[in-house]
Amino acid sequence: MSTTATIKTKKEMNLWPLALFIGGGIIIALGATGSINKYIQTVIMFIGINVILSASLNVVNGYMGEFSCGHGGFMLVGAYVSSILSVLLFTNSKWLGHPILPPSTAVFLFPVIIIIGGLVAAVAGLLVAIPSFKTRDDYLAIITIAANFIFVSLVNNLEFVGGSRGFMGMKGTVFAMEDVFKAPYMLFWTLTFCSLAVFLIKRLMRSTFGKGISAIRYDEISAEIMSVNTNHMKLVAFMFSSGLAGIAGGLFAHVMGFINPASFSIMKSTEALVMVYLGGMGSLSGSVLSAIIFTILLEAMRPLQILKWVLIPLMLILLMQFRPEGLMGNKELTDKFPRLKRFFTRSSM
Amino acid sequence: MSFLKIDSLTHRFGGLTAVSDLNYELEEGGIYGLIGPNGAGKTTVFNLVSGFYNPSEGKIQYRGEELNGLPPHDIAARQIGRTFQNIRLWSEMTVLDNIKISQHYQLGYGLPGVIFKTKKYRDRERKIEAKAMELLEEFNLTDLACEYPKNLSYGVQRRVEIARALSLGPKLLMLDEPAAGLSTSDVVELIDYIRWVHENFKITIWMIEHQMQVIMTLCDRIKVIDFGKEIADGLPDEIRNNPQVIKAYLGDGEI
Amino acid sequence: MFTTVLQNLFNALQWGSFYSMIALGYCLVYGVLRLINFAHGDIFMMACYFAFFIATFFLSIFLGLPGPVIFVITLFLTIMVTAGLGVFIERVAYRPLRKKGAHRLYVVITALMLGFILENGNLAVLGASSRRFPDMIDKVIISFGGVNLTNLKIIVILSSIVVFFILNLIVNKTKIGMAMRAISYDKFAIPLMGIPVNKVITFTFALGSGLAAVAGILFGMSYPVLDPYMGMIIGWKAFIAAVVGGIGDIKGAFLGGFILGFIEIIVVAFFPSSYKDLIAFVILLLILTIKPTGFFGVAKSTKI
């Protein structure tokens with residue numbers, strides 16, 4: 001307690017992202033040497049993507065306490081933008097012709113197109129951010145769902161990107177990178193972006209600036225009266241969150257090699273919701289943990305086919321009934337197991 | 001130029017006129033009281049000044065600047081702090097965070113600053129933290145810095161709320177029924193407390209209160225409103241003996 | 001030219017009727033509980049399936065019975081079964097949450113998830129093959145001045161109007177209707193006045209689901225191909241209609257359905273029909289952004 005305690009928290013550096021990073025490094029090394037097979041690599045990539053999805057949705061649904069259920073829509077925007085750029089710039093395709101840039105440049109430019117996808121998705125986030133100034137709760141939820149439907153049916157109507165048939169060719173970019181130097185690029189980039197996302201969210205939510213977002217959750221009116229520009233904070237939260245979803249979408253597109261609007265429907269958004277509420281609103285480690293558990297669970301349920309989509313909603317319903325605060329509540333792992341704090345943080349004092 | 005000047009302020013909710021043609025003038029450095037029976041429109045006046053409502057008619061000027069139409073956070077940034085009738089702390093964020101967030105308008109950095117952890121960001125965060133700790137020290141709340149307001153007693157929550165409002169660095173502090181829900185002994189303490197805040201921070205205080213003890217001991221000048229209209233304005237002693245005020249509070253009948 | 005306009009007018013009225021009947025169900029539940037029952041569209045879908053099974057069953061065992069009689073039996077039974085489903089959902093999913101005083105969002109999430117369970121559960125149980133709704137009433141085409149109308153279209157439009165007036169009567173003139181309106185004003189004081197809240201809520205769900213059943217059976221007869229996801233889009237559109245009218249107001253929901261019906265027909269006249277959904281959702285977004293209370297709703301204010 002008291003002064004020393006608070007000042008210590010300030011100087012402590014959280015090593016969560018670093019731990020993730022080291023773990024990622026080991027996984028990539030194992031992938032590169034072929035010690036883990038392709039299937040497990042893919043599952044790990046999905047975990048990375050899902051961690052980004054759930055952690056970013058947690059910014060809005062957890063920390064800000066709003067209810068966005070159209071995360072899939074922003075993922076779609078990021079996926080399509082980065083896929084089109086990728087096919088246009090680096091590959092030979094029927095739709096977009098010869099590559100504009102030498103395919104080998106993909107090695108450096110790949111993260112750039114993923115980030116561009118994220119930025120465009122962030123701009124798309126305005127579609128829900130602006131209504132959120134006036135609208136709250138269930139009405140805002142409807143707006144986000146409507147936005148998701150709008151993105152999906154818009155792309156369904158865009159013939160030049162394949163409409164509902166989908167869009168492909170992104171594998172070409174991955175192959176172009178592998179031609180330069182053989183390495184598990186997608187594994188590397190999903191884990192890198194994943195750690196980066198978790199790291200940035202952590203940083204944002206620890207800053208006084210970011211705490212303005214949490215202030216909205218606990219009392220929007222007093223936040224406004226205490227000089228927090230709530231509209232601005234909502235804009236930041238929604239755009240930040242949808243931007244990260246866009247990055248997840250770009251990665252997803254390149255991992256899969258094929259996307260269609262249906263894969264980013266309200267079902268995808270539901271997956272993200274399940275992860276956030278399973279982990280606990282406003283708990284970053286909860287989000288990460290639940291994304292890992294959920295992805296593995298999803299893979300395990302694959303043989304169940306459509307029944308899977310009965311069980312997942314059922315899971316969420318039961319969660320709402322019996323443990324609405326999720327696995328972690330709004331606590332972090334380090335709050336629950338103080339020993340971890342010593343392990344994961346190093347004090348500079 | 002007066003400190004806060006309200007000109008023929010009127011506010012209607014649908015057909016109901018909550019505040020009608022109210023004029024008000026506050027000089028810098030005083031303690032002012034706004035009283036009136038329940039539902040007289042006192043809180044509405046506060047809500048209008050703090051920008052939560054936009055007045056139907058009339059003008060609000062603060063230190064020579066018009067406040068009409070500004071969003072609440074902009075008005076707060078012009079150094080007007082307030083508390084609420086029913087305490088509105090961020091009950092699940094630490095006391096320290098409560099104090100820090102109220103300096104939001106002075107951040108001077110945005111999302112890019114956070115992402116790249118710029119020098120400005122680090123400087124500002126350090127200053128905000130230092131200022132918050134200093135304020136807590138002054139308020140004797142240092143021990144509670146890491147507590148959640150929901151775990152604190154009502155009286156302490158009141159104190160934290162006032163500290164939070166002061167964290168804005170206000171020139172004008174509006175207190176909406178600070179004594180509501182306090183016991184008699186707490187009220188005596190509160191009076192000393194408000195007086196201390198007034199002297200220590202050299203600010204103007206404007207309060208709504210039902211506890212006549214608080215109002216009469218503290219205020220330099222009191223305005224009484226009923227049904228949104230002014231019925232009296234004057235020094236505490238004048239108000240105490242004003243027949244119209246007595247009528248508004250006690251009714252018309254023979255006692 | 002004039003005939004096509006007239007023809008489209010009737011199409012708009014027919015679609016508007018479907019939307020209205022479903023929208024009224026959303027509106028009833030929202031009016032009483034302040035809950036958007038996202039599963040309502042899927043209750044409509046289930047009603048179609050119930051009607052399908054009931055009608056097929058009666059058509060196969062009572063070969064001699066005339067179509068209209070079977071229609072009436074099916075209608076009656078479908079309403080019963082669907083109302084039962086609505087009440088069941090209320091009991092197992094919503095009521096426990098209400099008892100715990102859970103946050104509204106948890107109830108909304110539960111509703112959304114229930115929708116998924118109904119859709120995918122149906123798919124898992126019945127398989128992906130789509131079913132054809134049996135004919136119960138012989139199609140009669142009435143033409144006047146080049147405009148072709150089926151008797152079914154007229155039945156649909158008339159039903160929606162009748163349903164609306166009956167509902168209006170229930171809500172405004174009966175004791176239970178009064179209780180429904182009272183609950184929407186003050187959830188806490190009502191039990192103190194001796195009104196059995198749970199009974200009223202059960203009745204509300206039964207009524208709303210019954211309306212969905214009427215819409216379901218008529219929809220099945222008009223567009224005979226059934227699939228488990230049919231309720232999603234129609235449900236959403238009906239919901240949009242309710243929002244357009246100002247959710248919580250039955251007059252608004254009823255008119256909102258027709259407004260949406262007309263807008264869609266106008267859209268189809270100028271754009272490819274695949275834009276229909278897109279534009280409906282854009283309208284929803286615009287209304288919620290600009291005037292969240294819809295055309296007939298009243299704003300609630302926050303107090304500090």
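Computed from heavy atoms alone, side chains included, the values below leave out hydrogens, waters and symmetry copies. Per chain, numbering begins at 1; letters A, B, ... match sequence-line order. Computed from a prediction, not measured in an experiment: that's the story for all the values here.
Heavy atoms of A:I145 lying under 4.5 Å from chain C belong exclusively to its side chain. Both the backbone and the side chain of C:V282 have a heavy atom closer than 4.5 Å to some heavy atom of chain A. Contact annotation for A:Y277: only side-chain heavy atoms (C-beta onward) come within less than 4.5 Å of a heavy atom of chain C. Looking at C:L278, both its backbone and its side chain come within 4.5 Å of chain A, counting heavy atoms on both sides. Residue C:F38 touches chain A through its side chain alone, counting heavy-atom pairs closer than 4.5 Å. Within the 4.5 angstrom heavy-atom criterion, only side-chain atoms of C:Y30, from C-beta onward, approach chain A.
Comparing C:V108, C:V107, C:I109 by heavy-atom pairs within less than 4.5 Å of chain A, the highest count is held by C:I109. Contact count versus chain C (heavy atoms, under 4.5 Å) is highest, among A:S132, A:C69, A:P131, for A:P131. Interface remark: of the candidates A:Q305, A:K308, A:M267, A:M320, A:M320 forms the most heavy-atom pairs closer than 4.5 Å to chain C. Contact count versus chain C (heavy atoms, under 4.5 Å) is highest, among A:L311, A:L273, A:L316, A:I142, for A:I142. Between chain C and the options A:L307, A:I312, A:T270, the largest number of non-hydrogen pairs under 4.5 Å is found for A:T270.
Residues that satisfy the ring pair (Phe, Tyr, Trp, His ring centres under 6.0 Å) test with C:Y26, not counting sequence neighbours, are C:H40, C:F239. For C:I233, the side chain to side chain contact (heavy atoms under 4.5 Å, CB included) test picks out A:F149, C:K237, C:D277, C:F281, with sequence neighbours left out.
Heavy-atom contacts from other residues, nucleotides or ligands closer than 6.0 Å to CE of A:M315 number more than 12. The number of heavy-atom neighbours closer than 6.0 Å to CZ of C:F271, taken from other residues, nucleotides and ligands shown, is 12 or below. Within a 6.0 Å sphere centred on NZ of C:K100, heavy atoms belonging to other residues, nucleotides or ligands number more than 12. In A:F133, the CZ atom is crowded: over 12 heavy atoms of neighbouring residues, nucleotides or ligands sit closer than 6.0 Å.
Of all heavy-atom pairs spanning C:N198 and C:R98, the tightest one is OD1-NH2, 3.2 Å. Taking every heavy atom of both residues into account, A:V155 and A:P261 meet most closely at CG1-CG, 3.6 Å. Of all heavy-atom pairs between A:A147 and C:L285, the closest is N-CD1, 4.4 Å.
The interface of residues 232-244 of chain A with chain C, defined by heavy-atom distances below 4.5 Å, is empty. Heavy-atom neighbours of chain A within the stretch residues 112-123 of chain C, taken at a separation under 4.5 angstrom, comprise C:L112, C:M113, C:L114, C:F116, C:I117, C:N120, C:G121, C:L123.
In summary, the side chains of A:H71 and A:T144 do not present any donor paired with an acceptor at a separation below 3.5 Å, with no hydrogens or angles considered. For the residue pair A:S263 / A:N260, a side-chain donor-acceptor distance below 3.5 Å is found, with atom types taken as modelled. Residues C:Y106 and A:Q321 have side chains that never bring a donor and an acceptor to within less than 3.5 angstrom of each other.
For the pair C:K276 and C:W15, the distance from NZ or CZ to the six-membered ring centre is under 6.0 Å and the angle to the ring normal is within 45 degrees.
Aromatic ring pairs are classed by plane angle as parallel below 30°, tilted from 30° to 60° and perpendicular above 60°; the pair A:Y80 and A:F167 is tilted.
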